[in-house]
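Here's the structure, in structure tokens; my notes come after.
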2 protein chains.
Amino acid sequence: MHSEVVASRSADQRDSRESRNGTPQLDAVSLAIIEQLQEDGRRPYAAIGKAVGLSEAAVRQRVQKLLDQGVMQIVAVTDPLTVGFRRQAMVGINVEGDVESIADALTDMSEVEYVVMTAGSFDILAEIVCEDDDHLLDVINKRIRSLPGVRSTESFVYLKLKKQTYMWGTR
Amino acid sequence: MHSEVVASRSADQRDSRESRNGTPQLDAVSLAIIEQLQEDGRRPYAAIGKAVGLSEAAVRQRVQKLLDQGVMQIVAVTDPLTVGFRRQAMVGINVEGDVESIADALTDMSEVEYVVMTAGSFDILAEIVCEDDDHLLDVINKRIRSLPGVRSTESFVYLKLKKQTYMWGTR
DNA sequence: TCCGACCTTGCGGATTTCGCAGATTCGGCC
DNA sequence: GGCCGAATCTGCGAAATCCGCAAGGTCGGA
């Protein structure tokens with residue numbers, strides 16, 4: 001799933017420097033391009049180039065590279081509630097044994113929208129998006145708690161989503 | 001000539017009406033358009049039209065309306081860690097008194113990326129995005145814990161982001 | 001000095017976007 | 001049923017954008 005970084009990377013690709021975890025290092029210009037696309041994901045390359053001081057072709061290449069590397073993706077985001085998913089919850093999970101393998105198992109579930117390994121009284125936090133209460137109950141009780149290595153879970157059902165931003169760097 | 005999947009438009013529901021909470025009601029075609037744009041936010045209108053059985057112009061109008069209504073937004077999303085924000089945390093908060101006013105105060109903080117009111121042992125969950133440990137410590141201890149009405153907080157510092165999807169409806 | 005990575009400029013052609021006018025459909029109303 | 005207004009869809013040019021490609025320039029590292 002994260003293989004795209006190393007995938008078709010024969011000789012033409014050039015990440016000058018990578019930090020040791022494999023994530024490419026971004027310069028100020030790429031940052032500025034990302035900011036432009038965070039404001040409007042369909043903004044034309046020429047307009048972005050004017051804003052960041054690059055030619056249209058250069059912007060096009062950088063955007064393509066950022067997408068190929070998986071640094072960013074350009075997508076439509078919605079409020080799940082308006083699209084018909086009425087129940088959401090954050091689930092805190094405690095694990096005995098290999099945390100990462102549990103996290104991988106959660107990642108494979110389509111109802112799980114967000115998985116992060118944390119320090120603190122939970123090992124993993126996972127966000128779940130479901131259509132109704134039955135569906136949510138099924139995912140938590142049947143699918144998650146039954147994973148071998150899951151010691152305990154605690155659920156926080158969403159009552160109201162107050163804020164949801166995608167504008168890192170724009171501040 | 002175009003007898004596609006969405007053929008039978010006779011009893012089709014094209015209501016642009018609103019359900020009682022003010023959020024517009026989406027029909028199957030708009031759903032399909034959103035799904036297309038969740039896969040690729042820059043997909044051309046003609047390609048979307050071919051996929052959902054509409055003309056290019058019709059797709060364009062519907063997309064524009066969805067954007068105007070705020071049902072969806074087309075943006076670039078990134079992994080904050082690769083964009084220079086090295087410290088993230090989820091903070092569970094317990095409140096005495098009015099929960100919503102505390103949630104509003106959190107919403108106004110630029111470092112707070114995500115705010116949701118929940119049922120369970122926390123009243124509010126808030127995701128924080130910071131540049132370093134000092135910044136994170138400052139936000140949690142100085143800014144959040146000092147809000148009048150905040151009874152207690154518990155922090156979960158992110159170690160590794162495993163999954164981040166924006167594909168509701170695509171399954 | 002050579003080479004690789006990257007940017008720029010320029011160029012056409014294919015594709016896409018955009019605005020608008022004319023159909024078509026829907027829902028309400030008599 | 002029949003009529004009307006609003007919303008929606010379609011078709012179609014014109015303008016803008018995308019996309020690949022080539023030649024040349026710059027910079028820094030081996």
Side-chain angles (χ1 to χ4, degrees), chain A residues 5-19 22-34 36-37 39-69 71-76, chain B residues 1-20 22-34 36-37 39-76:
Chain A
V5 179
V6 201
S8 65
R9 190 72 90 67
S10 51
D12 68 317
Q13 283 294 353
R14 59 275 122 161
D15 324 329
S16 25
R17 57 252 157 191
E18 294 192 355
S19 56
T23 60
Q25 193 67 11
L26 302 179
D27 61 9
V29 180
S30 289
L31 254 288
I33 291 174
I34 292 176
Q36 292 288 316
L37 290 170
E39 291 176 16
D40 176 6
R42 274 182 170 258
R43 184 162 298 171
Y45 295 136
I48 298 174
K50 204 159 300 179
V52 308
L54 246 58
S55 70
E56 179 265 352
V59 172
R60 190 164 13 115
Q61 297 174 68
R62 287 179 94 122
V63 168
Q64 194 54 53
K65 196 174 68 169
L66 290 170
L67 294 174
D68 289 342
Q69 289 174 152
V71 173
M72 71 171 181
Q73 39 185 334
I74 300 176
V75 293
Chain B
M1 47 172 100
H2 292 102
S3 57
E4 280 293 330
V5 186
V6 202
S8 64
R9 310 289 312 288
S10 53
D12 208 327
Q13 61 286 18
R14 82 171 69 251
D15 34 4
S16 58
R17 279 182 313 153
E18 299 189 355
S19 58
R20 67 221 101 190
T23 58
Q25 193 67 7
L26 302 179
D27 63 9
V29 180
S30 289
L31 253 293
I33 291 175
I34 292 177
Q36 293 287 318
L37 290 170
E39 290 176 17
D40 176 6
R42 275 181 167 258
R43 184 162 297 171
Y45 295 135
I48 299 173
K50 203 160 300 182
V52 307
L54 246 55
S55 71
E56 178 267 345
V59 173
R60 185 160 23 106
Q61 296 171 56
R62 288 180 94 121
V63 168
Q64 193 56 52
K65 196 175 71 168
L66 290 170
L67 295 174
D68 291 341
Q69 288 174 151
V71 173
M72 71 171 180
Q73 41 185 333
I74 300 176
V75 294

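In what follows, chains carry the letters A, B, and so on, assigned in the order in which the sequence lines appear, proteins first and then strands, with residues in each chain numbered from 1.
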Please report the interatomic distance CG(B:Leu26) to CD(B:Gln69), rounded to the nearest 0.5 Å. 7.5 Å
Does the side chain of B:Lys65 get closer than 4.0 angstrom to OP1 or OP2 of D:dA7 through an N or O atom? no
To the nearest 0.5 angstrom, please state how far the CZ atom of A:Arg43 sits from the CD1 atom of A:Ile33. 12.5 Å
Across the strands shown, which category fits A:Gly53 at heavy-atom distances under 4.0 angstrom: base, sugar-phosphate, nothing? sugar-phosphate
State which residues pass side-chain contact (heavy atoms from CB on, under 4.5 Å) with B:Arg60; sequence neighbours excluded, sorted by chain then number. B:Tyr45, B:Glu56, B:Ala57
Check side-chain contact (heavy atoms from CB on, under 4.5 Å) between B:Ala32 and all other residues, then give those that pass, not counting sequence neighbours. B:Val52
Without decimals, in angstroms, what is the distance between B:Asp27 CG and D:dA7 C1'? 13 Å
Dot-bracket assigned to DNA chain C with the 3.5 Å Watson-Crick/G-U criterion, [ ] for crossing and | for other-strand pairs, is ||||||||||||||||||||||||||||||
Under 4.0 Å, counting only non-hydrogen atoms across every strand here, what does B:Ala58 touch: a base, just sugar-phosphate, or nothing? base
Nearest to the A:Gln61 side chain among D:dT8, C:dT8, D:dT10, which nucleotide is it? C:dT8
Does any part of the side chain of B:Asp27, heavy atoms only, come nearer than 4.5 Å to the side chain of B:Arg62, both counted from C-beta? yes
Say whether, by atom type as modelled, one donor and one acceptor occur between the side chain of B:Arg42 and the main chain of A:Gly41 under 3.5 angstrom. yes
Rounded to the Å, how far apart are B:Leu54 CG and D:dA7 P? 18 Å
Spacing of CD belonging to B:Gln73 relative to CG belonging to B:Leu67, to within rounding of 0.5 Å: 9.0 Å
Do the side chains of A:Ile48 and A:Leu54 get nearer than 4.5 Å, heavy atoms only? no
Rounded to the nearest angstrom, tell me the gap between atom CD in B:Gln64 and atom C1' in D:dA7. 16 Å
Separation of D:dT8 atom P from B:Leu26 atom CG, nearest Å, is 12 Å
Do the side-chain N and O atoms of A:Asp40 and A:Gln36 include a donor-acceptor pair separated by under 3.5 angstrom? no
Base, backbone or nothing for each nucleotide of nucleotides 17-29 of chain D, written B, S, -, heavy atoms under 4.0 angstrom, 5' to 3'? SSBB---------
